[in-house]
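Below: one structure, written as structure tokens.
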Amino acid sequence: MKNKLQKWMEKKEQLTRDFEQLRVKAIKRKIYPYWDKFATPEYHRLLRKTNAAADAMLEGYFKYDLSLKGPEHFTRENVFVWGGPTPSWGGSMDKDASLKAQAFFDLDNVMYVYGPLNREMMDLHKNCKKLICHLGRNCRTKDAAMKSDAEEAELLSKLSLEYPNIVGGVVDDMSGNCGENYSHAEYRAIHQALHKHNPDLELYGVVYSWELERMPERVRLVADCIDHVILWFWSKTDLMQFDLALERCRAIFPGKPIMLGIFMFDYGASCLPNSPAVMAYHFEKARRALADGKVQDIVILGDREIEKCPETAEFIREYLKKELKK
């Protein structure tokens, strides 16, 4: 489903194309007023309809944009925990690994990853208010993924009709794998299959802040396949460019909702738990971005980190306890 901002951006792109076509016509007719003091009546006639449409669109957009404001605090509606059965990264193969993390943080929503997509696991997660499920072979536990990623996405689409708490599927490390482990055509097939039986589902795609800076063209390749962006900061030092990274993300995915991924563990730099000071900064920046309407939700990774980052996990639990009471 397209949100309002996406629709505005589509109007903007169409009018930009219309203006460019008219510019070419005006240059050919030698009435393009770039160097002139005044535009000719002929140029006014040529631009009249499109320019009026652009002004009307802008007035509507300005009113919409100035009215935007998100909630001041995180709520049970917009916080997820990431987890699932995996032997990697110090994880566990417990089928209810994600639910243990959900209970620890006292949350309603789960992003179930790594494990198989089947009715047994959907039954296990049926009491989650919102559920997002792993799609594709990347980072999956051995033998968990189906042979066909598109068929798996279609299966999730069907299961969502039986399990209405399913709100979408997630492809991990999506932009980084485009052109290496996945083709754009494969991602398109996953996206289309996910919407086949339930067009309301969203495909969540993982993007890292460093990718937005160093390989934006590859990120743009997957932009049309992602409905809901998950923005992660791989190294704790990357948080120093939080605002810049967020604006880069919003520019590449105009109008699309952004979920902030929050690591307890610093995988990119120290390979040690993040300090409570790092977490306090990350959550405060996330909260401000939420209030400004620039992000819509967060996901905390996750279950396996609770044991190896006890001080950090306890800080997050206490932070959320206060936030969710407001």
Side-chain angles (χ1 to χ4, degrees), residues 74 78-83 86 88-91 101 105 111 113 138-139 170-178 180 204-223 226 228-253 256-292 294-320 323:
F74 292 106
N78 56 28
V79 180
F80 289 74
V81 66
W82 171 295
T86 178
S88 302
W89 311 288
F105 292 118
M111 189 168 287
V113 289
N138 190 55
C139 291
V170 56
V171 176
D172 201 4
D173 300 340
M174 192 166 179
S175 56
N177 277 291
C178 187
E180 294 184 3
Y204 290 69
V206 168
V207 174
Y208 294 93
S209 64
W210 68 266
E211 294 174 334
L212 297 168
E213 177 184 3
R214 299 179 208 167
M215 52 183 204
E217 292 308 317
R218 185 182 294 189
V219 179
R220 288 190 180 92
L221 283 176
V222 301
I226 294 178
H228 204 124
V229 188
I230 311 179
L231 175 62
W232 296 89
F233 293 82
W234 183 241
S235 300
K236 60 185 177 183
T237 51
D238 291 341
L239 288 171
M240 295 174 70
Q241 292 184 298
F242 181 95
D243 294 330
L244 180 58
L246 182 55
E247 292 309 319
R248 282 172 171 156
C249 189
R250 295 177 71 217
I252 292 178
F253 299 95
K256 295 190 178 181
I258 297 174
M259 171 184 278
L260 282 177
I262 296 183
F263 285 121
M264 286 187 249
F265 195 83
D266 176 26
Y267 286 96
S270 67
C271 208
L272 292 170
N274 280 321
S275 69
V278 169
M279 302 315 303
Y281 179 80
H282 201 172
F283 272 98
E284 178 57 21
K285 293 296 287 186
R287 188 196 64 75
R288 293 184 188 191
L290 179 79
D292 289 341
K294 293 182 178 181
V295 305
Q296 284 62 51
D297 34 34
I298 63 171
V299 58
I300 302 160
L301 195 156
D303 59 4
R304 62 182 187 253
E305 284 73 11
I306 293 171
E307 184 178 356
K308 63 184 180 182
C309 310
E311 183 183 13
T312 309
E314 188 59 35
F315 172 86
I316 294 173
R317 177 158 69 172
E318 289 304 310
Y319 177 91
L320 290 174
E323 275 287 298

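Numbering starts at 1 and runs along the sequence shown.
Of all the heavy atoms in I230 and G261, the pair that sits closest is CG2-N, 4.2 Å. The two atoms that bring F80 and M259 nearest to each other are CD1-CE, 3.6 Å, heavy atoms only. Between F105 and A313, the shortest heavy-atom contact is CE2-O, 3.6 Å. For the residue pair V81 and G302, the shortest heavy atom distance occurs at CG2-CA, 4.2 Å. Among all heavy-atom pairs drawn from A269 and S235, the shortest one is N-OG, 3.7 Å. The two residues A245 and L212 come nearest to each other via the heavy atoms O-CD1, 3.5 Å.
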Worked check of side chain to side chain contact (heavy atoms under 4.5 Å, CB included) between W232 and V299: CA-CA 10 Å; W232 296 89; V299 58; 3.8 Å; yes
Evaluation steps, side chain to side chain contact (heavy atoms under 4.5 Å, CB included), between V79 and I300: CA-CA 8 Å; V79 180; I300 302 160; 4.2 Å; yes
Criterion side chain to side chain contact (heavy atoms under 4.5 Å, CB included) on L221 and S175, from CA distance to verdict: CA-CA 8 Å; L221 283 176; S175 56; over 6 Å; no
Derivation and outcome, side chain to side chain contact (heavy atoms under 4.5 Å, CB included), residues V278 and D266: CA-CA 10 Å; V278 169; D266 176 26; over 6 Å; no
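Within a 6.0 Å radius of CD in E311, no more than 12 heavy atoms belonging to other residues, nucleotides or ligands are found. In E307, the CD atom is not crowded: 12 or fewer heavy atoms of neighbouring residues, nucleotides or ligands sit closer than 6.0 Å.
For Y204, the ring-ring contact (aromatic ring centres under 6.0 Å, His included) criterion is met by H228, not counting sequence neighbours. In this view, K236 satisfies the salt bridge (Lys or Arg N to Asp or Glu O under 4.0 Å) rule with no residue, not counting sequence neighbours. Listed by chain and residue number, nothing satisfies the ring-ring contact (aromatic ring centres under 6.0 Å, His included) test with F74 (two or more places apart in sequence, or in another chain).
Expressed to the nearest 0.5 Å, how far CZ of R304 lies from CE of M264 amounts to 9.5 Å. Going from atom OH of Y208 over to atom CE of M215 covers 10.5 Å, rounded to the nearest 0.5 Å. Rounded to the nearest 0.5 angstrom, D173 CG and E211 CD are separated by 7.5 Å. The CD atom of Q296 lies 9.0 Å from the CG atom of L260; values are rounded to the nearest 0.5 Å. To the nearest 0.5 Å, the span separating CD on E314 from OG1 on T312 amounts to 10.5 Å. Separating the NZ atom in K294 from the SG atom in C249 is a distance of 12.5 Å, to the nearest 0.5 Å.
A distance of 6.0 Å or more separates the ring centres of F265 and F263.
Counting heavy atoms from C-beta outward, M279 and I316 have side chains that approach closer than 4.5 Å. When side chains are defined from C-beta on, D297 does not count as touching P257, because their heavy atoms never get closer than 4.5 Å. Within the 4.5 Å cutoff, no side-chain heavy atoms of D172 are placed close to those of V113. Within the 4.5 Å cutoff, the side chain of W89 has heavy atoms near those of the C139 side chain.
The aromatic rings of H282 and F233 stand perpendicular to each other, their planes meeting at an angle above 60°, with 30° marking the opposite boundary.
A donor-acceptor pair is defined here as one N or O able to donate and one able to accept, closer than 3.5 Å; no such pair exists between the side chain of K285 and the backbone of F242. Q241 places no side-chain N or O within donor-acceptor distance of the main-chain N or O of D238, the cut-off being under 3.5 Å.
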